[in-house]
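Residue numbering restarts at 1 for every chain, and letters A, B, ... go by the order of the sequence lines.
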Amino acid sequence: MKLLLKDIEKDNAGQVTLMPEDPEDMWHTYNLLQVGDSLRASTIRKVLTESATGSVGSSRIRTTLTLCVETIDFDSQACQLRVKGTNIQENEYVRMGAYHTIELEPNRQFTLAKKQWDSVVLERVEQACDPSWSADVAAVVMQEGLAHVCLVTPSMTLTRAKVEVNIPRKRRGNCTQHDRALERFYEQVMQAIQRHINFDVVKCVLVASPGFVREQFCDYMFQQAVKTDNKLLLENRSKFLQVHASSGHKYALKEALCDPAVANRLSDTKAAGEVKALDDFYKMLQHEPDRAFYGLKHVEKANEAMAIDALLISDELFRHQDVPTRSRYVRLVDSVRENMGTVRIFSSLHVSGEQLGQLTGVAAILRFPVAELSDQEEESSSEED
Amino acid sequence: MSRHRNVRGYNYDEDFEEDDLYGQSVEDDYCISPSTAAQFIYSRRDKPSAFAEPLQEEYAYEDAEEHANFTSNHQLAEVDQARLQSCLDHMKELLGDSVPEQVMVEAVLNSKFDVQKALDIVLTENSKQNMKTKNEEAVTTVKASKGKTRDSQSTRIESEVVPKVTKMTVSGKKRSTGFEVPCVGAEENGQYAIISQKGPSSGDASITSGAIEMVSKSALPSQTTLMPEEQSTAPTPIKKSSKTKQQIDVKAELEKRQGGKQLLNLVVIGHVDAGKSTLMGHLLYLLGNVNKRTMHKYEQESKKAGKASFAYAWVLDETGEERERGVTMDVGMTKFETKTKVITLMDAPGHKDFIPNMITGAAKADVAILVVDASRGEFEAGFETGGQTREHGLLVRSLGVTQLSVAVNKMDQVNWQQERFQEITSKLGQFLRQAGFKESDVAYIPTSGLGGENLVTRCQTSELTEWYKGKCLLEQIDSFKPPQRSVDKPFRLCVSDVFKDQGSGFCVTGKIEAGYVKVGDRLLAMPPNETCTAKGIALHDEPVDWAAAGDHVSLTLTGMDIIKINVGCVFCDLKEPIKVCTRFRARVLIFNIDLPITKGFPVLLHYQTVSEPATIRRLLSVLHKSTGEVTKKKPKLLTKGQNALIELQTQRPIALELYKDFKELGRFMLRYSGSTIAAGVITEVWCPL
């Protein structure tokens, strides 16, 4: 993403103009947008024209509209962002107050104005425009009969394909069905890799599985590649990295990212960092439960005591459309920073972010133990979820 | 033109009268004459094959009714018979043929052989009836072919059933309540008919099957011979191919089967390279289940591959991959016979990565053999943390295995030392006690899998005979007590494998957890919620007509698409389907874990043959280990050794049963990144319905 213009007043109201470049930028934009903001972007509108004779014709016209945002819709598979709202600026074709849906497109700039630009949003803009934040990794997590082909970008884990094949088990004296099904399964995974992984962008492909599946698969794939003279695969052979994972389900990706061999190769990726942070939290919870808190109430309490060393928070919470609730989280983040704590904003599209989201979305590692809250308060905090 | 005549000749008063009497709704008021109706509409009822379900219900009901008629005469004492006859004669004189005999018999029985009272009953009923005679006649013309029993039945039930031809689809429940015959056998039948229409409620499950049994048991010989005859004269011409329900007394048959030998499912577990496959492979060879030529081939080939010691393991490890690496990857399944039992043997993989496979095998087992390596260092490696001996032991216990034999293998490598044997048994004994095995249910046997010693016959090696006088492995297997099978419960089969076979349809294999199945039965597959027909049943690769709980069978199915079925589906009784949900509560026991469990923890749920990703949605309470009292509500986290109530959510719906209803089907395991973190039982299920 490119930042073209930033005009923010003292009172934090203002606007920025951005140019999204790749699908990931759509995700960032999705996190920037809030109901009530105004968005100005180029879009296509179908306009009805009535001629003097009364015949009606319709034409599609590209025009620039300014909307007051009402609903935001993000398709994580296609990485498309649709914003619906009412027109708030005079336009040749569209009446004031008429509804329109803008689909943001890559390489077309848009302007976003907010009444309040808070620290979290500003950080997000900065992060989105930082070019060093891009190390694309592809991962194939598999077990016999199940495979997920994923793309891991700094802030997203996208499941590109899920391959599920029923593999008959070995039976006495009859293994052919098993072997044949297995071959079919490998073939499908291989197809999925070729179709969904862009080797120009991807630096590394993780093949993670329990047992010997990954070895068998890689053997099969390169054998096939040699047979069919598939240059694409053969040239990128060095990019494939075999790691251990306990299963072929998506969350096993976390284990693959934790693997030391992988961690070296992609030490900068946000995904790996998040996995590690969450791991640290769990370790703390195991050893010193009084130094690891989760749930908004608990964490706020700890924050009051200025005890938070690291705050883990899911970006899902900042997409909350209720302004007071959202500002509560923003205040928490700001105050932790003030107290020299670190804040990690997890992407809810990553596996670790998903887990954090399940864990109320906010967790903290404390500097010193804080006594647990009384049961009554606990109950009220759990009821929120 | 005949139809037109019919319409012209139709007495419209009849229709009007009917309307007045019964206040029919408009929808029912078709403009069709009774004879047309008889010709067309009734035929729909005649061929109910389109509705498989109502057909069976009705059928059961008719059976019941016929039983009742028969037994009502049959079960009376001779004196009473005579009294009944005299009463009937008396009544016939007065009433003539206007009242069917059945009604009279009933009246007599109800009035306890008092002729006057009986007459009263019959006459009052008759007068009621007379009001409706006209349309009754319409019905009887229609029913002319249906025989006397039908008639009598319809007269009796008309207070509830509107006897209009087009409205004849009446639920069987109503009818059977409208008929009372004071006879035990009949009442049981009636009960069966009623229950069969009730919704799925677990409580009824046992009653239903109980009733089936009682029917088959209490049925008099003459009755049973009569049954098919009556069925053939039954008024509705039904395709009597496979749908004819034969009541097989499964329990009795079960005892007779296999020459009185009981079936037992045995799983072999233990750390990787403890020699599980070799031990069992050698046992099979010694029992003659593997012929010499094959064995010779294995020996030659394994020698060629440079793995001569794996020859016996090749008996069970059949895929190329397994042989090449010398590691069992999937459960190998075969059978053998002992003196008193037929054993279904499951050879589980020992490698850490294949524990999911091991769980699917162990979930089907009744008893287990834990194989440990006696050689120095190897036992310790398997037993300490990170080894599979502990994890496997805990897993099988949590999956409901109570009887365990420990085969202390590779004893020849330590020269059959008694000290080593005792060292291992004492270490293991302590652990197994903690895991919850009763000491009386655990036996230790020194063996050598490769040498084949102390397997089938007691060992002759002097080093061993000096101090060991106990059983050999085969004798120990023979002495396992077979578990109680829930044959009485509704049918359940968990699919462990789906494959195409020769011929039409496809095959599923799995263990029948409860109930029984016969060839031709209609089955319901959950979660896809689809019905199909069991075309064939094979037990140990031999076709059989039926199979019951505990059997490991493969079913050939028709009427369903193979892609809808995958491993983990449950086939069940149409009337008592298994619960399907995505969210349930469970009581769990947390194992030794590195990371504490919090809310939102992603886990892999292993339930029977399924492994499904799930998340822990809520930690409800921590329970006291022995008393089960709540010690803490809504805990922040769960740590090792705790007993807790949690709520789990799966991504896709899965078929589950409560622990209290089906012990076998109520257990599950939770795993996280390659280690087992908890075992649990299902306590509550949220059904979306």
NZ of A:Lys276: more than 12 outside heavy atoms within 6.0 angstrom?
no
Is it the backbone or the side chain of A:Ile167 that comes under 4.5 Å from a heavy atom of chain B, or both, or neither?
backbone
Going by heavy atoms in the side chains, are B:Ser611 and A:His249 under 4.5 Å from each other?
yes
Drop me the distance from A:His244's NE2 to B:Lys352's NZ, to the nearest 0.5 angstrom.
6.5 Å
Any donor-acceptor pair under 3.5 Å linking the side chain of A:Gln286 with the backbone of B:Asp594?
yes
Taking B:Ile562, B:Val603, B:Ile593, B:Ile565 one by one, which has the highest count of heavy-atom pairs under 4.5 Å against chain A?
B:Val603
Rounded to the nearest 0.5 Å, what separates atom CG in A:Leu359 from atom OG1 in B:Thr615?
11.5 Å
Top residue by heavy-atom pair count (under 4.5 Å) with chain A, among B:Val331, B:Thr639, B:Leu604?
B:Leu604
Closest-packed option against chain B by number of heavy-atom pairs under 4.5 Å, given A:Pro168, A:Ala252, A:Gly357
A:Pro168
Using non-hydrogen atoms and a 4.5 Å limit, figure out which bit of A:Glu164 sits close to chain B: side chain, backbone, both or neither.
side chain
Quick one: what part of A:Lys250 sits under 4.5 Å from any heavy atom of chain B, side chain, backbone, both or neither?
neither
When B:Thr319, B:Thr509, B:Asn357, B:Asp330 are each screened for side-chain hydrogen bond (donor to acceptor under 3.5 Å, both in side chains) with A:Arg169, the one that passes is B:Asp330
For the pair B:Tyr672 and A:Tyr251, name the ring-plane relationship: parallel under 30°, tilted 30 to 60°, perpendicular over 60°.
parallel
Is B:Thr294 in contact with chain A via its backbone, its side chain, both, or neither, using a 4.5 Å heavy-atom distance?
neither
Can you tell me how far the OH atom of A:Tyr294 sits from the CG atom of B:Leu637, to the nearest 0.5 Å?
7.0 Å
Starting at NE2 of B:His351, measure out to CZ of A:Phe212 and round the result to the nearest 0.5 Å.
5.0 Å
Identify the two heavy atoms, one from B:Lys599 and one from A:Gln358, that lie closest to each other, and give their separation to 0.1 Å.
CG-O, 3.8 Å
Between chain B and each of A:Gly145, A:Ser246, A:Ala181, A:Ser247, count heavy-atom pairs under 4.5 Å; write down the option with the most.
A:Ser246
When the 4.5 angstrom heavy-atom criterion is applied to A:Ala292 and chain B, the contacting part is backbone
Contacting region of A:Gln355 [heavy-atom separation from chain B under 4.5 Å]
both
What's the spacing between A:Asp279 CG and B:Leu595 CG if we round to 0.5 Å?
6.0 Å
Is a side-chain N or O of B:Asp353 found less than 3.5 angstrom from the main chain of A:Gly211, in a donor-acceptor match?
yes
Approximate separation, where rounding is to 0.5 Å, of B:Glu322 CD and A:His178 NE2
7.0 Å
Can you tell which part of B:Arg671 gets under 4.5 Å to a heavy atom of chain A, answering side chain, backbone, both or neither?
backbone
Check ring pair (Phe, Tyr, Trp, His ring centres under 6.0 Å) between A:Phe281 and all other residues, then give those that pass, not counting sequence neighbours.
none
Heaviest contributor of heavy-atom pairs below 4.5 Å to chain A, chosen from B:Val498, B:Ile563, B:Asn566, is B:Val498
